[in-house]
Amino acid sequence: MDWIKVSIITTNKGIDPVSSVLNDLGYDGLEIADKDDFKEFLENNRKYWDYVDEELERLKEADTKITVYLDGGNDGLSELEKIEKSIKLLKEADTNNSFGSLKIITENVRDEDWSENWKQYFKPLEIGDKILIQPEWQPLESETDRIVFKVNPGMTFGTGSHDSTRFCIEEIEKNIHEGDTVLDLGCGSGILSVIALLLGASDACAVDIDENSETVAYSNLEMNGLDKNNYHVYIGDIIEDSGLRDRFAEYDIVVANIVADVIIALSPYVRRFMKKDGIFICSGIINERAEEVKSALEKAGLKIVEAKQSDEWTAYTCK
């Protein structure tokens with residue numbers, strides 16, 4: 001399948017505003033290459049320079065950029081036009097030119113090209129007290145007491161490295177009990193619901209509007225040796241489709257790692273998805289909109305019992 005790789009050239013100061021523009025358009029799987037971070041890495045690891053290949057060393061002079069991937073067909077071209085208009089508005093608002101050129105570069109790529117490029121950079125990642133996210137193509141370097149979640153990123157990307165995903169995994173780990181049932185809204189690659197099964201859930205359902213999610217989520221399930229009878233993926237818009245919405249009720253844990261607008265729209269329905277003593281974990285919320293989401297959750301009758309925040313992102317756990 002063909003995709004459109006869309007890269008926006010910016011600066012370190014431009015990362016947050018450009019990311020916010022893309023988040024508001026519905027993109028949360030962003031590939032961020034920060035020139036300043038990379039230079040700092042090389043400066044602090046001079047003793048390893050002999051082991052850095054020429055291609056990687058040339059990245060010292062590369063621009064800071066943020067990349068998203070769009071469908072290669074007409075839908076993707078329409079989405080590209082929306083991105084171009086939004087970035088143009090951001091450029092006009094940047095009177096001090098702090099965000100760089102904001103030039104947009106497009107490139108046609110194929111699925112296999114994208115996933116192969118990621119392999120050289122994706123490393124094992126420990127999250128919380130129990131989880132180790134491990135590249136499927138890389139053997140474990142040593143024995144571990146952690147629960148190993150194997151992943152091979154595809155175009156519907158999710159590996160746990162992003163703060164919003166990490167927050168969700170930590171909260172699932174803290175709150176899950178053996179035999180719990182889980183509902184994953186906006187599941188993407190299925191990472192949260194599959195990890196919930198690894199942590200002891202007896203059954204998990206996953207929902208996403210992207211048809212690619214079904215294939216990738218079931219692939220991640222199989223890769224981790226789990227039973228398909230205990231995992232169910234549904235494709236559709238749970239906000240607009242009342243029939244799909246009515247399929248789900250009485251879960252111990254409901255999780256939504258999406259964006260602020262979708263969480264706000266979901267909030268009136270969340271309680272019907274939960275058991276009386278169940279919890280709702282939501283993340284993917286940029287800090288600037290955290291209070292807005294909090295207000296919507298409380299208006300829907302949910303009580304926030306835990307809030308996590310990084311420099312850019314907020315997550316809430318509710319009862």
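The shown structure was predicted, so the numbers you read here are calculated from the model rather than taken from an experiment. Both backbone and side-chain heavy atoms feed into the values below; hydrogens, waters and symmetry mates do not.
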Any heavy-atom pair between the side chains of N220 and I191 that's under 4.5 Å? no

### Message
Between V293 and V259, is there shared hydrophobic-cluster membership here, with clusters defined by ILVMFWY side-chain heavy atoms closer than 4.5 Å?
### Response
yes

- L197 side chain near L221 side chain, heavy-atom distance below 4.5 Å: yes

Rounded to the nearest 0.5 Å, the OG atom of S101 sits from the NZ atom of K65 at a distance of 12.0 Å

Closest non-hydrogen atoms of F280 and A256, given as atom of the first, atom of the second and distance, are CE1-CB, 3.9 Å

Note to self: Regarding T64 and T11, do their side chains bring together a donor and an acceptor under 3.5 Å, going by distance alone?
What the structure shows: no

>> Under 6.0 Å from the ring centre and within 45 degrees of the ring axis: does the NZ or CZ of R245 meet both conditions for the six-membered ring of Y269?
In response: yes

### Message
So T144 and Q134, do their side chains get closer than 4.5 Å, heavy atoms only?
### Response
no

Closest non-hydrogen atoms of S202 and G179, given as atom of the first, atom of the second and distance, are OG-O, 2.8 Å

Applying salt bridge (Lys or Arg N to Asp or Glu O under 4.0 Å) to D252 and not counting sequence neighbours gives K275

Whether R146 side chain and I133 backbone form a donor-acceptor pair below 3.5 Å | no

CD (E250) and CZ (F273) are apart, to the nearest 0.5 Å, by 12.0 Å

Applied to residues 259-272, the salt bridge (charged side-chain N to carboxylate O under 4.0 Å, His left out) test, sequence neighbours excluded, yields D246-R272, D261-R289

Of V270, V305, L297, the one forming a side chain to side chain contact (heavy atoms under 4.5 Å, CB included) with C318 is L297

Is D94 salt-bridged to K91, cutoff N-O under 4.0 Å? no

Between T314 and Q309 the two heavy atoms that sit nearest each other are OG1-NE2, 2.8 Å

Name the atoms and distances for all side-chain donor-acceptor pairs under 3.5 Å in residues 17-27, with sequence neighbours left out.
unit_1: S19; atom_1: OG; unit_2: I15; atom_2: O; d: 2.7
unit_1: S20; atom_1: OG; unit_2: D16; atom_2: O; d: 3.0
unit_1: N23; atom_1: ND2; unit_2: Y27; atom_2: O; d: 2.8
unit_1: Y27; atom_1: OH; unit_2: E79; atom_2: OE1; d: 2.7

- Is V194 close to V151 at the side-chain level, that is, under 4.5 Å between some pair of heavy atoms? no

Quick one: does K85's side chain get under 4.5 Å of K88's, heavy atoms only? no

| Got N108 and I4 here, is their nearest side-chain heavy-atom distance under 4.5 Å? | yes

For this session: May I ask you to decide if V233's main-chain N or O and Y218's side chain share a donor-acceptor pair within less than 3.5 Å?
Result: yes

message = Using a 3.5 Å distance criterion without hydrogens, assess whether the side chain of D180 forms a donor-acceptor pair with backbone atoms of A201.
response = no

Query raised in the report: Side chains of I172 and V182: closer than 4.5 Å at any heavy-atom pair?
Result: no

- Does the E173 side chain pair with the main chain of K130, one donor and one acceptor, at a distance under 3.5 Å? yes

In terms of heavy-atom contacts, G186 and D208 come closest through C-OD2, 3.3 Å

ask   = Ignoring hydrogens and geometry, is there a side-chain-to-backbone donor-acceptor pair from N287 to W313 under 3.5 Å?
value = yes

Check whether any side-chain heavy atom of T10 lies under 4.5 Å from a side-chain heavy atom of L102, and answer yes or no. yes

Closest heavy-atom pair, I235 versus I209, reported as atoms and distance to 0.1 Å, is CG2-O, 4.0 Å

Smallest heavy-atom separation, K294 atom then Y316 atom, equals CB-OH, 3.6 Å

ask   = Under 3.5 Å, side chain of S86 to main-chain N/O of I83, donor-acceptor pair present?
value = no

- Query: Side chain of S283, backbone of S164: donor and acceptor closer than 3.5 Å?
  - Reply: yes

Answer yes or no: is there a donor N or O on one side and an acceptor on the other, between the side chain of N224 and the main chain of L226, under 3.5 Å? no

